[in-house]
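Report on the following structure.
Residues take their numbers from the sequence shown, with the count starting at 1. For the numbers below, each heavy atom of this structure counts, side chains included, while hydrogens, waters and symmetry mates do not.
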Amino acid sequence: LVSTITGVHCIGCNDAQRHCIQNDSYCGDWNDRLFIPYGNCPYRQFTSEQARKCVGNRTLLFSGDSQIRDLGVAVGLFLQGQSVHDSPDVKFDKRSKHIWENCTKIGYFESWGHKNRRGVNDYNGYLFPKKEFLDNTPEWKWQVQVWEIFCNHMVHQGSLKDVLSNEMMKENNATMQLKKIDLAFWSHGLHDWGWWDSPPYGKRYYDTMVKQWITMRTQVPTPVVWVSMNNNCLELIQNSLMGSKKFVQGAMVEEANWYVHKRLRE
């Protein structure tokens, strides 16, 4: 999964792909690393202004573990004007001061009680654009919601269904100003490794994680996309499980992604 082309670190390369010259339509670079999507999928660079025009007045949601939340944060920051090339190569999600300076906290909901992620004084997620930025950019009608609903327990207690059904707009909305969600991206599984840590990994992951998404799509008005786990971060992934299982989690993730893709194409 990781190789080197002419001295440049390349993520996601294989023998069927070619080296990209001057950021052409098949690749891009970031922090001195070259990225080539699988299968020679077209790659095109957008400015923040172009991305805002594309998103328009739509609201995007990202929910799940830190992989999908970091993706949502990156989209929110990009739409606010931060260049991808100016982004540091660090994990943003809730551990970076940069986040709190550039987003609005999705806070406490009375109706959730114990279902709130971190209690009355903390958060359930992040909201972009930051409310203060809208004073200078009233033409921005887009919104990115990033929710920390990262495990089966939180899904089973109904938190994600509440969010995808736009129920949370009915509470504290004068403060949070949540909008109706147009498209959602959902992924989790790393924190729930105990549900699928014995073979066959792929089938267990599909049965205990992905089937929830298949069912949820029939129960909520919001279109929901399931996002694969990132198997290009094997070093980080392998450190996230306890005990001896951390040494096989890379293989677990690869098999889970392969099995899910196979089943969803059937």
Presence of salt bridge, D65 and R69, under 4.0 angstrom:
no

Could you grab the distance from atom CH2 of W112 to atom OG of S159, nearest 0.5 Å is fine?
4.5 Å

With side-chain contact (heavy atoms from CB on, under 4.5 Å) as the test, would you mind laying out the steps for M216 and L160 before giving the verdict?
CA-CA 9 Å; M216 185 77 74; L160 185 59; 4.3 Å; yes

If every non-hydrogen atom of N124 is compared with every non-hydrogen atom of G107, which pair is closest and at what distance?
ND2-O, 2.7 Å

Verify whether one side chain among H153 and D192 offers a donor that lies under 3.5 Å from an acceptor in the other.
no

Rounded to the nearest 0.5 Å, what's the gap from OH on Y108 to CG on N116? Could you check?
5.0 Å

In Å and rounded to the nearest 0.5 Å, what is the CE to CG distance from M168 to N166?
10.5 Å

Please evaluate residues V260 and N257 with respect to the criterion side-chain contact (heavy atoms from CB on, under 4.5 Å), reporting the C-alpha separation (whole Å), side-chain torsions for both, the decisive distance (0.1 Å), and the verdict.
CA-CA 5 Å; V260 170; N257 286 342; 5.9 Å; no

Taking every heavy atom of M154 against every heavy atom of I149, the minimum-distance pair comes out as CB-CG2, 3.7 Å

Are S165 and T222 packed together at the side-chain level, in the sense that at least one heavy-atom pair is separated by less than 4.5 angstrom?
no

Working for side-chain contact (heavy atoms from CB on, under 4.5 Å), residues H188 and V155:
CA-CA 10 Å; H188 78 273; V155 174; 4.0 Å; yes

Least distance between heavy atoms, D182 atom then T59 atom
OD2-N, 2.8 Å

Minimum heavy-atom separation for V146 to F128, with atom names?
CG2-CE1, 4.3 Å

Gap separating the CD1 atom of I68 from the CD atom of E148, nearest 0.5 angstrom
13.5 Å

If you apply the rule ring pair (Phe, Tyr, Trp, His ring centres under 6.0 Å), what do you find for F150 with H191, and how did you get there?
CA-CA 7 Å; F150 64 88; H191 292 276; 4.9 Å; yes

With under 30° as parallel and over 60° as perpendicular, where do the rings of W142 and W140 fit, or are they tilted in between?
tilted

In the structure I gave you, are the side-chain heavy atoms of L183 and L61 within less than 4.5 Å of one another anywhere?
no

Classify the ring geometry between F62 and F185 as parallel (under 30°), tilted (30 to 60°) or perpendicular (over 60°).
parallel

Would you say K170 and S111 make side-chain contact, with heavy atoms under 4.5 Å?
no

Do NZ/NE/NH1/NH2 and the carboxylate oxygens of R204 and D197 come within less than 4.0 Å?
no

Would a 4.5 Å heavy-atom cut-off, applied to side chains only, mark Y201 and V253 as touching?
no

Would you tell me whether Q212 and H156 have side-chain atoms, one donor and one acceptor, within less than 3.5 Å of each other?
yes

Is there a side-chain contact between Q177 and K131 (heavy atoms, below 4.5 Å)?
yes

More than 12 non-hydrogen atoms from neighbouring residues, nucleotides or ligands closer than 6.0 Å to NZ on K161, yes or no?
no

Could you state the interatomic distance from CD1 (I106) to CZ (R117), rounded to the nearest 0.5 Å?
13.5 Å

Starting from the C-alpha separation in whole Å, work towards a yes-or-no answer on side-chain contact (heavy atoms from CB on, under 4.5 Å) for W196 and K203.
CA-CA 8 Å; W196 56 287; K203 184 177 186 305; over 6 Å; no

Please state whether the rings of W186 and W226 are parallel, tilted or perpendicular, taking 30° and 60° as the class boundaries.
perpendicular

Ignoring hydrogens and angles, state whether a donor on the side chain of T47 or E49 is under 3.5 Å from an acceptor on the partner side chain.
no

Is the closest side-chain heavy-atom distance between Q80 and S48 below 4.5 Å?
no

Just verifying a value: how many Å separate L127 CG and C103 SG, rounded to the nearest 0.5 Å?
8.0 Å

Ignoring hydrogens and angles, state whether a donor on the side chain of Q143 or Q145 is under 3.5 Å from an acceptor on the partner side chain.
yes

Can a salt bridge be assigned to the pair R263 and E266 using a cut-off of 4.0 Å between side-chain N and carboxylate O?
yes

